[in-house]
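Below is one structure, written out as structure tokens, with a few remarks after it.
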Amino acid sequence: MSAIALLAEKFDRALIAAFGADFAGTDPLLAATNNPKFGDYQANLAMSLAKPLKQKPRDIATQIIAALDVSDFCEPPEIAGPGFINLRLKTSYLEAQLQHMLTDDRLGIPPIRDPQTIIVDFSSPNIAKEMHVGHLRSTIIGDAIARVLEFQGHNVLRLNHVGDWGTQFGMLITYLREVYPDALTKADALDIGDLVTFYKEAKVRFDDDEAFKEASRQAVVGLQSGEAEARQAWQLLCDQSRREFQKIYDRLDIQLEERGESFYNDALASVVHDLDALGLLQEDDGAQCVFLDGYTNKDGDPLPLIVQKTNGGYNYATTDLAALRHRVTRDRANRIIYVVDVGQSSHFEHVFQVARRAGWLTDAIEAQHVPFGLVQGEDGKKLKTRAGDTVRLRDLLDEAIDRAKADIEQRLASEDRSEPADFINHVATVVGLSSVKYADLSQNRTSNYIFSYDKMLAMQGNTAPYLLYAYVRIAGIGRKGGIDFNDFFSTVNTVITLTEQTELSLAKHLLGLEDVIETVAIELLPNRLCQYLFELSQKFNQFYDQCSILKAEETQRTARLQLCYLTAQTLRQGLSLLGINVLQRM
RNA sequence: GGGCAUGUAGCUCAGUUGGAUAGAGCAUCAGAUUCCGGUUCUGAGGGUCGGGGGUUCGAGUCCCUCCAUGCUCGCCA
């Protein structure tokens with residue numbers, strides 16, 4: 001149990017003892033202090049109880065302290081300012097906790113008591129298109145969220161809701177019939193790049209040519225009703241695209257189960273039918289709609305969610321409703337997380353509302369749209385290539401790796417060091433990919449994010465290379481000292497003792513991982529974990545700067561080696577939750 | 001016009017249910033090294049938290065209003 005959870009229990013008992021059972025469950029308003037002179041944690045509840053108790057906050061604090069028994073892990077609490085209760089952890093407690101961490105392969109973090117079934121819906125590229133920069137954030141953030149929830153012990157279903165259905169397909173098939181019919185009947189008749197070109201051309205036709213537009217819509221209807229030729233073409237295109245996606249997922253080490261829009265094809269009619277049976281459906285201009293509560297269009301009229309188009313076809317709202325219903329009734333999800341860009345916020349609000357009114361989504365189930373902002377270039381505009389095209393994901397990753405490689409080669413040259421090519425390639429790959437992931441994850445996902453290779457690959461600052469270097473440094477200590485950390489502590493049995501300020505500061509931070517993971521799981525903000533790991537690296541470097549390790553006297557040497565090892569393990573674990581691998585040397 | 005988001009140091013951003021003197025990093029300037037990878041560490045300068053009002057013991061955080069930017073507003077996904 002983390003110190004903060006322990007304190008919360010103790011405060012609850014103290015409140016009951018001091019003010020009676022009515023105060024059971026009162027939030028003690030515990031927080032980490034922002035200044036070490038106030039201790040490690042502060043409880044702010046005395047001020048908030050002033051009104052209900054009709055007493056002065058400081059008097060309340062005095063009574064709480066009198067009833068508070070934290071002596072086995074805290075120094076005597078102090079009252080400060082208007083009524084803050086300041087708490088400082090005992091060094092002996094820190095030492096014991098670290099010792100426990102050392103012997104536990106989950107770093108002292110127990111699996112969650114009540115595991116849920118959680119769906120994380122992320123990445124979701126479109127068939128017949130290449131993955132591009134627009135898929136970057138969903139893929140990276142979604143993976144990190146899934147990893148954190150999995151580590152906690154939840155049953156996580158990672159779903160790739162690929163765009164393999166709908167109008168875009170009608171467009172493409174109609175166009176290929178005209179210009180390249182072979183592609184509809186032969187596997188890999190076209191290169192994926194050509195397919196993208198045809199897609200773009202089809203889109204132009206679709207926007208300009210009414211007859212083409214209508215033919216496309218008919219093709220969709222044909223596809224949705226199972227017409228053989230359309231189905232075959234569709235299958236070929238999907239297979240080809242899928243292989244391309246997989247290359248990216250393999251590089252990024254991302255596991256995903258594909259369950260695209262087409263998966264719900266057979267359920268679409270029943271979604272509409274059931275909405276009708278529930279009395280939620282209305283026809284308007286020939287389309288089947290559910291009119292939304294609380295939303296209006298430009299004219300101030302109620303806004304519809306269209307679930308069946310005038311031509312009888314279904315659209316993405318229908319699919320999303322079908323998917324939601326499936327996830328609740330078949331997958332038995334307790335929580336459904338959609339990692340999709342912020343531009344679709346209102347769409348999700350609409351779909352969730354209809355699902356609630358239909359009774360498919362209940363209060364027992366948490367459906368969450370987890371939005372993220374745009375990836376922008378350094379000019380603050382949407383990221384584009386120099387030619388003005390969308391940036392392909394594989395090019396983006398290649399460039400990050402190429403730049404990382406150039407950095408390494410330059411560094412090796414300046415240090416007069418030489419390494420084999422496969423070492424250089426491996427380091428460049430890990431550094432390049434980690435940098436792209438970390439740069440994205442380290443920002444609050446809700447705001448737009450300015451993409452800069454120079455910043456993400458920098459060795460200084462809150463970057464992947466800085467964290468990786470801290471880990472490499474520790475690995476270097478092991479090599480230098482001839483120590484294999486993995487079995488060192490099973491043969492050496494020395495109690496950790498903490499004396500220096502930098503040791504204490506590092507130790508306290510090491511014990512904070514559990515709280516951070518819990519916060520990330522609730523708020524779904526991976527940048528909190530990044531911040532924690534960055535601070536951990538800083539504290540390690542401060543400790544490293546102040547305290548000699550290999551040359552220290554026993555038993556201090558072993559105790560410090562233990563701190564090194566715990567730091568390395570925490571970095572490795574934390575980074576792995578972000579989808580980032582560590583390096584032994586770089 | 002409606003809805004949603006964003007606005008914090010020169011730049012990129014944190015800021016947890018309202019808490020103590022608003023924090024990092026980069027950049028700039030000044031320091032540190034018999035030592036385990038200096039890809040490090042220490043310090044300094046730099047802020048009307050978009051403007052204004054309100055709520056209260058206390059507001060970057062909550063409410064109102066205005067301004068700026070972005071996204072979005074029925075048969076694309």
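The sequence lines fix the lettering, A, B, ..., with proteins before strands; numbering per chain opens at 1. When reading the values below, keep in mind they use all heavy atoms of this one structure, side chains included, and skip hydrogens, waters and symmetry mates. As the structure is a computational prediction, the values presented were derived from the model and not from experiment.
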Qualifying ring pair (Phe, Tyr, Trp, His ring centres under 6.0 Å) pairs with a residue from residues 283-302 of chain A, counting only residues at least two apart or across chains: A:Y295-A:H350

List the residues meeting side chain to side chain donor-acceptor pair (under 3.5 Å) with A:S2, not counting sequence neighbours, and say none if there are none. A:D515

When pairs are called at under 3.5 Å and a stem needs at least three consecutive Watson-Crick or G-U pairs, the stems of RNA chain B are B:1-7 with B:67-73, B:10-13 with B:23-26, B:28-32 with B:40-44, B:50-54 with B:62-66

Footprint string (nucleotides 17-33 of chain B, 5' to 3'): B base within contact, S backbone only, - free, heavy atoms under 4.0 Å: B-BBB--SSS-------

Applying side-chain hydrogen bond (donor to acceptor under 3.5 Å, both in side chains), which residue pairs with at least one partner in residues 127-138 of chain A are found, sequence neighbours left out? A:E130-A:R392, A:E130-A:R394, A:R137-A:D440

List the residues meeting salt bridge (charged side-chain N to carboxylate O under 4.0 Å, His left out) with A:R473, not counting sequence neighbours, and say none if there are none. none

Any residue meeting salt bridge (charged side-chain N to carboxylate O under 4.0 Å, His left out) with A:E201, in chain and number order, not counting sequence neighbours: none

Does CD in A:E210 sit with more than 12 non-hydrogen atoms of other residues, nucleotides or ligands closer than 6.0 Å? no

Among the nucleotides B:C35, B:A14, B:C36, which one has an atom lying closest to any side-chain atom of A:S447? B:A14

Could you list the donor-acceptor pairs under 3.5 angstrom formed between side-chain atoms of residues 372-384 of chain A and any protein atom two or more places apart in sequence or on another chain?
residue: A:Q376; atom: NE2; partner: A:G380; partner atom: O; Å: 3.0
residue: A:D379; atom: OD1; partner: A:K381; partner atom: N; Å: 2.9

In chain order, what residues pass the side chain to side chain donor-acceptor pair (under 3.5 Å) check against A:K309, with sequence neighbours excluded? none

For residues 27-53 of chain A, pull every pair meeting side-chain hydrogen bond (donor to acceptor under 3.5 Å, both in side chains), keeping only residues two or more places apart or in separate chains. A:D40-A:K508, A:Q42-A:N44

With sequence neighbours left out, write down each residue that passes side chain to side chain donor-acceptor pair (under 3.5 Å) with A:Y438, or none if nothing qualifies. A:N462

Can you pull out the residues from residues 307-318 of chain A that lie within a 4.0 Å heavy-atom distance of RNA chain B? A:K309, A:T310, A:N315, A:Y316

Find which nucleotide of RNA chain B each of A:E523 and A:V472 is nearest to by heavy atoms, and output the residue with the more 5' nucleotide. A:E523

Side chain of A:N297: nearest nucleotide among B:C36, B:C57, B:G74? B:G74

Ranking B:G1, B:G38, B:G2 by distance to the side chain of A:R473, first place goes to B:G38

Please determine, for the side chain of A:L303, which listed nucleotide (B:C41, B:G2, B:C73) has the closest atom? B:C73

Is it the case that the base of B:G74 and the side chain of A:D285 share a donor-acceptor contact (distance under 3.5 Å, atom types as modelled)? no

Taking for each residue the nucleotide of RNA chain B with the nearest heavy atom, is it A:I450 or A:G163 whose nucleotide lies nearer the 5' end? A:I450

